[in-house]
Asks: 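Just passing along the structure, written as structure tokens.
Just so it is clear: chains get the letters A, B, ... in the order the sequence lines come, proteins before strands, and each one is counted from 1.
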2 protein chains.
Amino acid sequence: MADAPAFMPLYLQIKDLLTQRLAAGEWPPGEAIPSELTLAAEFGVSHGTVRKAVQALADDHLVVRRQGKGTFVATHTEEAQSTFRFLRIRRDDGMEEYPGRRLIDFRRGRASGEVARLLELRAGDPVVLIRRVLEWQGEPAVLDDLTLPAALFRGLTRAKLEAYPGSMYGLFESRFGVRMLNARERLKAVAADAGSAALLGVAAGWPLLSVERLAFTYGGRPVEYRKGLCTTHAHHYANDLG
Amino acid sequence: MADAPAFMPLYLQIKDLLTQRLAAGEWPPGEAIPSELTLAAEFGVSHGTVRKAVQALADDHLVVRRQGKGTFVATHTEEAQSTFRFLRIRRDDGMEEYPGRRLIDFRRGRASGEVARLLELRAGDPVVLIRRVLEWQGEPAVLDDLTLPAALFRGLTRAKLEAYPGSMYGLFESRFGVRMLNARERLKAVAADAGSAALLGVAAGWPLLSVERLAFTYGGRPVEYRKGLCTTHAHHYANDLG
DNA sequence: CAGTGGTCTAGACCACATC
DNA sequence: ATGTGGTCTAGACCACTGG
């Protein structure tokens, strides 16, 4: 019963056109898109209108504007830029240390009921399953289990994952053209099962922060399901209510 | 070592002026502020400039714009408007039910070390301590402990708190002129102590989601410290990573 | 109908980065 | 000096609300 659009401002139409071109990979991540005056001429609209369209893209974190230089396709490989936007676990002492990653398991499997539904896959569709630990100062604190639609990550191997120096989202966008744009998380407190407890170095039954994440790319298409378990005796999940 | 402003655009200067007048209570919550053309004439700037200033206020949730009607001072008493901005606990089944509130304790005390520091009070300054439970369908799920600077809430009594029909933040802004504008939260998983477990209807040791909140009013001034404990067998903390 | 916020234009000028 | 994004103006017109 959604109402018809009824009226879409010019700058939003232009935003959509630019979004389509971004989604199509017309400009690779990190590259500059055409200047505002160029786009204004191309679309036959005024400078101000194209500015509103580009600003809307910047508000969505699809592009990054840099005065004097240009407007660039946002990327996950700019340290401290969008890295901490998806990593909400922080040290209690406030040190902004980037955690180490340790790959525990990498395998392929088939989507099962609930995860399949969330990823909008059919049950039985192939998926990639990744298990890894994040550790600060060598101390494990987060155990992540990821599920990725295999169709989007052809050629992803354990070796590639371990060799890549940056974040996983950086790998996904640079090697597979899958850009994680936003995500929805669901937090709970749970008791550690024996397996998780061993990997995290705590006793079974220990309270853990469970962080379920569904991440989306262009068009609100879900492309990653992740369940994280986090010890919170020295870390916490930080959130700003703006 | 903060760099000098060096340059502040006109629209941000006007935003600051308007913020000061909002903080001073020149227009009460829910009331309309002067129209954009009026403000433009008053400040001697163009319509577009005053629009950018007002839009910046709207982006900060200080005001709400309504086409055809005007721009209104934001309020916590508009249901579903800004209510769910500060209530991130949701039912797992997705029903958007507003929880019932039950006041457990109301008393006055003195600020102690860590909380005093967070609220920027001196140790020993008077505070108001509130303990309450949130329940969905009569089932308790959240136990909140609030600490408020008593100086800002003169005349706040248990009776007033229990009689007020809306949210606490609605009471604070309408009766005490204290507007909660934003907050910083820190989430952890903890094991329930005996007292909390009893109030939440779970066994001691049960994993609970701990939500520590520091809420701020104008000028980033901290005015509430809150620690919530939440059972997560039927609820979760929802967060969108935009 | 008048008044409000929302869009769009054309052009000028400023701040910043690079050559 | 040139080109980029950022600000500001003056004015026109559109969309929505309410008397």
Side-chain angles (χ1 to χ4, degrees), chain A residues 2-19 21-22 26-27 30-75 78 81, chain B residues 2-19 21-22 26-27 30-75 78 81:
Chain A
D3 286 333
F7 170 67
M8 182 175 259
L10 192 46
Y11 77 94
L12 286 182
Q13 298 178 41
I14 290 171
K15 179 194 175 189
D16 281 355
L17 290 174
L18 290 173
T19 301
R21 293 166 72 173
L22 284 165
E26 178 163 342
W27 309 288
E31 288 285 302
I33 71 173
S35 78
E36 295 176 352
L37 289 176
T38 305
L39 290 171
E42 183 177 330
F43 288 117
V45 301
S46 76
H47 181 194
T49 297
V50 88
R51 262 189 74 71
K52 285 188 74 167
V54 173
Q55 187 55 51
L57 294 175
D59 292 343
D60 290 348
H61 303 107
L62 294 189
V63 298
V64 176
R65 322 189 71 165
R66 285 198 252 273
Q67 182 172 161
K69 302 184 69 172
T71 300
F72 301 81
V73 181
T75 165
E78 305 170 41
Q81 190 83 23
Chain B
D3 285 334
F7 170 68
M8 182 175 259
L10 192 47
Y11 78 94
L12 286 181
Q13 297 176 41
I14 290 171
K15 180 195 175 189
D16 281 355
L17 290 173
L18 289 173
T19 301
R21 291 165 74 174
L22 284 164
E26 179 164 340
W27 309 289
E31 288 285 301
I33 71 174
S35 78
E36 295 175 352
L37 289 175
T38 305
L39 290 172
E42 183 178 328
F43 289 116
V45 301
S46 78
H47 182 194
T49 297
V50 89
R51 262 189 75 71
K52 284 188 75 167
V54 172
Q55 187 55 51
L57 294 175
D59 292 342
D60 290 348
H61 303 108
L62 294 188
V63 299
V64 176
R65 321 189 71 164
R66 286 199 251 272
Q67 181 172 166
K69 302 185 71 173
T71 300
F72 301 82
V73 181
T75 167
E78 304 169 44
Q81 191 85 23

Asks: So which nucleotide from C:dT9, D:dC8, C:dG5 ends up closest to the side chain of A:Ser46?
Replies: C:dT9
Asks: Distance check needed: D:dG18 P versus B:Arg66 CZ, whole Å only.
Replies: 10 Å
Asks: Quick one: pull up CG in B:Asp60 and OG1 in B:Thr19 and give me the separation to the nearest 0.5 Å.
Replies: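 Going from the CG atom of B:Asp60 to the OG1 atom of B:Thr19 covers 7.5 Å.
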Asks: Counting the atoms with a prime plus P, OP1 and OP2 as sugar-phosphate, which does B:Val54 contact under 4.0 Å by heavy atoms, base, sugar-phosphate, or nothing?
Replies: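 B:Val54: no heavy atom of the nucleic acid under 4.0 Å.
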Asks: Quick check for you: among C:dT9, D:dC8, D:dG5, whose closest atom lies nearest to any side-chain atom of A:Ser35?
Replies: D:dG5
Asks: Round to the nearest Å and state the distance from A:Phe43 atom CZ to C:dT9 atom C1'.
Replies: 17 Å
Asks: Within this structure, what is the CG-OH distance for the pair A:Leu18 and A:Tyr11, rounded to the nearest 0.5 Å?
Replies: 14.0 Å
Asks: Among C:dT9, C:dG6, D:dG6, find the nucleotide with the atom closest to the side chain of B:Arg51.
Replies: C:dG6
Asks: Measure NE2/B:His47 against C1'/D:dC14 and give the value in whole Å, please.
Replies: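 From B:His47 NE2 to D:dC14 C1': 13 Å.
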Asks: Looking at D:dT7, I'd like to know if its phosphate oxygens (OP1 or OP2) sit under 4.0 Å from a side-chain N or O belonging to B:Lys52.
Replies: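 Checking B:Lys52 against D:dT7: at least one side-chain N or O falls below 4.0 Å of OP1 or OP2.
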Asks: If you measure from CG on A:Leu57 to OG1 on A:Thr71, what distance do you get to the nearest 0.5 Å?
Replies: 9.0 Å
Asks: So, OP1 or OP2 of C:dC8: does either fall under 4.0 Å of a side-chain N or O from A:Tyr11?
Replies: no
Asks: Could you tell me the separation between the CZ atom of A:Phe7 and the P atom of C:dT7, rounded to a whole number of Å?
Replies: 7 Å
Asks: Compare side-chain N and O positions of B:Thr49 against OP1 and OP2 of D:dT9 and report whether any pair is under 4.0 Å apart.
Replies: yes
Asks: Let me know the distance between CZ of A:Phe72 and C1' of D:dG5, rounded to the nearest Å.
Replies: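 Nearest whole value for this atom pair: 10 Å.
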Asks: Find the distance B:Gln67:CD to C:dT7:C1' and express it as a whole number of Å.
Replies: 10 Å
Asks: Would you say C:dC16 has OP1 or OP2 under 4.0 Å from some side-chain N or O of A:Lys69?
Replies: no
Asks: Working to the nearest 0.5 Å, report the span between CG of A:Leu37 and CZ of A:Arg51.
Replies: 10.0 Å
Asks: Starting at CD of A:Gln55 and ending at P of C:dC8, how long is that distance when rounded to a whole Å?
Replies: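 Whole-Å distance recorded here is 15 Å.
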Asks: Rounded to whole Å, how long is the line connecting atom CG of B:Asp59 with atom P of C:dG6?
Replies: 11 Å
Asks: If you measure from OG1 on B:Thr38 to CD1 on B:Ile33, what distance do you get to the nearest 0.5 Å?
Replies: 10.0 Å
